[in-house]
K.L.:
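Structure incoming, see below.
Numbers restart at 1 for each chain; the letters A, B, ... are given by sequence-line order, proteins then strands.
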Amino acid sequence: MTERQYNRKLLGDKLSQLPVPPNDLLWSRIEAQLIIATPVSQPVSYPSNVAPRFTKAVLIKTSIAIFSTLLLVLFILWIARKHQRSQKAIPPATKQQTSIADTTKPTAGIVDTLPTQQEKIPQLLPEKNEQKTVADTVDNFAPVRPLRSNDISVSMRDSVLPMPLTTQATADSVKLKVTLPKKDDGYYFEVKKKKGN
Amino acid sequence: MDLSAAQIQGLVNGCLRNDLIAQKQLYASFYPYCMHVCLPYTRHPEDADDILSNAFIRIFRNLQQFDAGKGSLYAWIKRIVINASLDFIRQRSRFTASTLDEAEGIVIENTVVEKLSANELLQEIRLLPEATQAVFNLYCIEGYNHREIADQLGIKEGTSKWHLSEARTLLKQRLTKYQTA
């Protein structure tokens, strides 16, 4: 054995005396990497004739599909919102309108006109077609004589309200003062001409 | 740590089947050995964890390349650990462009090595510059010659000699206290 070989043996023997405690933490780290790095060609994962599910191309296509769908949904929502706004922006059909008594309070109602009500609580107003029906109704009999309370009925959603307590009718409009039942979410009124009047 | 050939073959076969239990047993059996190989190449204990983590992944991934007819599993694993250690050092430090024509022989006198404890020896090695530390380990502990070291590190043979000479100079200065003791 040469001097260098002996020197090497001495150094190796000395360093092999270094205490090395078990390192389970390092094994956990290695184990995690082994699990992640298990090749997809292993029989347990995929048959050899089946391509891996999550290739880069598949991920890109999936991302594009999700993004396109999201854009489409946003576009539909935008169209719907635009349509909703355009509906609200339509003014009342005629100047001759039936006044509607409305309030969100369950006490005696304050008579007001339809356009004002639209501005204050638009979500409670009748739909477009129903407004037209009311206006047509008023147009049809307004020229004949001033409106009277008996000429019309007031309904709230599907139920008919009691007759208006007081009325003040002109050729153009009729003001109604009614006592409304208590309700939390506001009122929806529909004014119609009674049959035979 | 001494495993019989049959035990080693059993572990290798289990690891080749990606059996986690066999992989853990191989890790537990070879961890101290690998750590002793790796420690002289590090500066901190956590460096050794990084190197060995990388080395064991390489071992498990390439185990099918191990040929018992060409050498022992210990030698094969040792080669991988040394390569992982050198990769670690290459990422962190550069080798000098200086070269030297002659640098042979022992670096630390045998009498001094005998006086040093294992920890003292490791600390002295760790105080060398990283590139010099790598050359010292390959030459003095692993027994490679300068041509082999140059090939492994991708440096000139003269550069390897320069680093070994540098290691000798630095260690001689610091180990004087052990010579006189």
K.L.:
Do you know which two heavy atoms are closest between A:Asn7 and B:Ile108, and how far apart they sit?
P.N.:
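Heavy-atom minimum between the residues: ND2-O, 2.7 Å.
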
K.L.:
Within a radius of less than 6.0 Å around CZ of A:Arg81, do more than 12 heavy atoms belonging to other residues, nucleotides or ligands occur?
P.N.:
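Open.
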
K.L.:
If two hydrophobic side chains count as joined below 4.5 Å and joins carry through other members, does B:Tyr41 share a cluster with B:Phe88?
P.N.:
no

K.L.:
Donor-acceptor pair, B:Arg61 side chain versus A:Leu34 backbone, under 3.5 Å?
P.N.:
no

K.L.:
Which atoms form the tightest heavy-atom contact between A:Arg4 and B:Gly143, and what is the distance?
P.N.:
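Closest heavy-atom pair between A:Arg4 and B:Gly143: NH2-C, 3.5 Å.
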
K.L.:
With the 4.5 Å side-chain cut-off for hydrophobic clustering, are A:Ile66 and A:Ile76 part of the same group?
P.N.:
no

K.L.:
Treat each ILVMFWY residue as a node, draw an edge where side-chain heavy atoms are under 4.5 Å apart, and state whether B:Ile51 and B:Leu122 are in one component.
P.N.:
no

K.L.:
Does any backbone or side-chain atom of A:Asp13 lie under 4.5 Å from a heavy atom of chain B? Answer side chain, backbone, both or neither.
P.N.:
neither

K.L.:
Hydrophobic clusters here meaning ILVMFWY residues chained together by side-chain heavy-atom distances under 4.5 Å, can you tell me if B:Leu20 and B:Ile57 are in one?
P.N.:
yes

K.L.:
Could you tell me whether B:Ile21 atom CD1 has more than 12 heavy atoms of other residues or ligands within 6.0 Å of it?
P.N.:
no

K.L.:
Within 45 degrees of the axis of the six-membered ring of B:Phe56 and under 6.0 Å from its centre: does A:Arg29 put its NZ or CZ there?
P.N.:
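No, A:Arg29 does not lie over the aromatic ring of B:Phe56.
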
K.L.:
Check the hydrophobic clustering (I, L, V, M, F, W, Y; side-chain heavy atoms under 4.5 Å; chains of links allowed) and say if A:Ile30 and A:Ile35 are grouped together.
P.N.:
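In one cluster with A:Ile30: A:Ile35, yes.
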
K.L.:
Answer with side chain, backbone, both or neither: which region of B:Leu52 has an atom nearer than 4.5 Å to a non-hydrogen atom of chain A?
P.N.:
both

K.L.:
Against chain A, label B:Asn137 side chain, backbone, both or neither, depending on which of its atoms sit under 4.5 Å from a heavy atom there.
P.N.:
neither

K.L.:
Please verify the inter-ring angle class for B:Phe60 with A:Trp27; under 30° counts as parallel, over 60° as perpendicular, anything in between as tilted.
P.N.:
perpendicular

K.L.:
Tell me, yes or no, whether the heavy-atom count around A:Leu71 atom CG, taken from other residues, nucleotides or ligands under 6.0 Å, exceeds 12.
P.N.:
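Yes, CG of A:Leu71 has more than 12 neighbouring heavy atoms, counting only those of other groups under 6.0 Å.
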
K.L.:
Out of curiosity, A:Leu26 CG to B:Glu46 CD, how far, rounded to the nearest 0.5 Å?
P.N.:
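Between A:Leu26 CG and B:Glu46 CD, I get 12.5 Å after rounding to 0.5 Å.
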
K.L.:
Taking every non-hydrogen pair under 4.5 Å, which of B:His36, B:Met35, B:Gln23 racks up the most with chain A?
P.N.:
B:His36

K.L.:
Go through the steps to decide whether A:Asn23 and B:Tyr27 satisfy the test side chain to side chain contact (heavy atoms under 4.5 Å, CB included), and finish with yes or no.
P.N.:
CA-CA 10 Å; A:Asn23 193 339; B:Tyr27 163 82; 3.6 Å; yes

K.L.:
To check you understand the geometry: which heavy-atom pair defines the closest contact between A:Lys14 and B:Glu114, and what is its length?
P.N.:
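Smallest interatomic distance, heavy atoms only, reads NZ-O, 3.3 Å.
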
K.L.:
First locate atom CG of A:Leu11, then atom CZ of B:Phe136, and finally report the distance between them rounded to the nearest 0.5 Å.
P.N.:
5.5 Å

K.L.:
Can you name the nearest heavy-atom pair linking A:Leu15 to B:Ala118, along with the distance?
P.N.:
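In terms of heavy atoms, the two residues are closest at CD2-O, 4.4 Å.
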
K.L.:
Classify the side-chain pair A:Tyr6/B:Asn110 by whether it contains a donor and acceptor separated by less than 3.5 Å.
P.N.:
no

K.L.:
Spell out, as yes or no, whether a donor-acceptor pair under 3.5 Å connects the side chain of B:Asn119 to the backbone of A:Leu18.
P.N.:
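Checked: no pair found.
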
K.L.:
Among B:Asn54, B:Val37, B:Val113, which has the most heavy-atom pairs under 4.5 Å with chain A?
P.N.:
B:Val113

K.L.:
Is there a donor-acceptor contact under 3.5 Å from the side chain of A:Arg8 to the main chain of B:Ile141?
P.N.:
yes

